[in-house]
Trainee: 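One structure coming up, written as structure tokens, with questions to follow.
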Amino acid sequence: MGTGEAPVKRYNRELRDLITAGRANPSWIVSHRVGLDEAPEAYANFDKRDNGWTKVTLDPAA
């Protein structure tokens, strides 16, 4: 496994099609879902690469 910036435009449509067809479920990589009020702390944890902070999604309704 490597790290770095993903070439999103290269895989974007193919991944979308796999997700909509039910052949891929990328949600397993999301480690935390937080509300906007928790965003600064979540970003700090992610930025420091704290253990377990792999991908964070923000939920304005939370």
Side-chain angles (χ1 to χ4, degrees):
M1 176 181 268
T3 60
E5 189 173 331
V8 175
K9 290 182 180 182
R10 182 174 175 189
Y11 300 109
N12 173 342
R13 290 187 179 104
E14 180 181 356
L15 291 173
R16 178 206 56 208
D17 293 343
L18 290 171
I19 292 166
T20 58
R23 296 183 55 211
N25 182 4
S27 65
W28 63 270
I29 197 165
V30 176
S31 62
H32 295 79
R33 289 178 173 83
V34 300
L36 294 179
D37 59 331
E38 301 171 90
E41 182 181 351
Y43 181 81
N45 288 321
F46 180 79
D47 191 45
K48 291 186 293 187
R49 293 171 171 69
D50 284 346
N51 191 26
W53 289 82
T54 56
K55 183 65 76 176
V56 179
T57 60
L58 301 177
D59 181 359

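Hydrogens, waters and symmetry mates play no part in the numbers below; they use all other heavy atoms, side chains included. This chain uses plain numbering: 1 for the first residue, then up along the sequence.
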Trainee: Could I get the full list of side chain to side chain contact (heavy atoms under 4.5 Å, CB included) partners for T57, not counting sequence neighbours?
Mentor: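 In terms of side chain to side chain contact (heavy atoms under 4.5 Å, CB included), with neighbours along the sequence ignored, T57 is linked to V30, R33.
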Trainee: Taking atom CD of E38 and atom NE2 of H32, what is their separation to the nearest 0.5 Å?
Mentor: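 Going from CD on E38 over to NE2 on H32, the span is 10.0 Å.
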Trainee: Only pairs under 3.5 Å count here: list side-chain donor-acceptor contacts from residues 16-23, not counting sequence neighbours, and write none if there are none.
Mentor:
from : atom 1 : to  : atom 2 : distance (Å)
T20  : OG1    : R16 : O      : 3.2
T20  : OG1    : D17 : O      : 3.2

Trainee: So which heavy atom on A39 is nearest to which on L58, and how close?
Mentor: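 For A39 and L58, the tightest heavy-atom pair comes out as CB-CD2, 3.8 Å.
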Trainee: Could you tell me which residues satisfy side chain to side chain contact (heavy atoms under 4.5 Å, CB included) with D59, sequence neighbours excluded, listed by chain and number?
Mentor: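 A61, A62.
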Trainee: Could you list the donor-acceptor pairs under 3.5 angstrom formed by side chains in residues 40-51, with sequence neighbours left out?
Mentor:
from : atom 1 : to  : atom 2 : distance (Å)
N45  : ND2    : E41 : O      : 3.2
R49  : NH1    : D47 : O      : 3.4

Trainee: Kindly write out the residues that satisfy side chain to side chain contact (heavy atoms under 4.5 Å, CB included) with P60, not counting sequence neighbours, or none if the list is empty.
Mentor: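 So P60 forms a side chain to side chain contact (heavy atoms under 4.5 Å, CB included) with L36.
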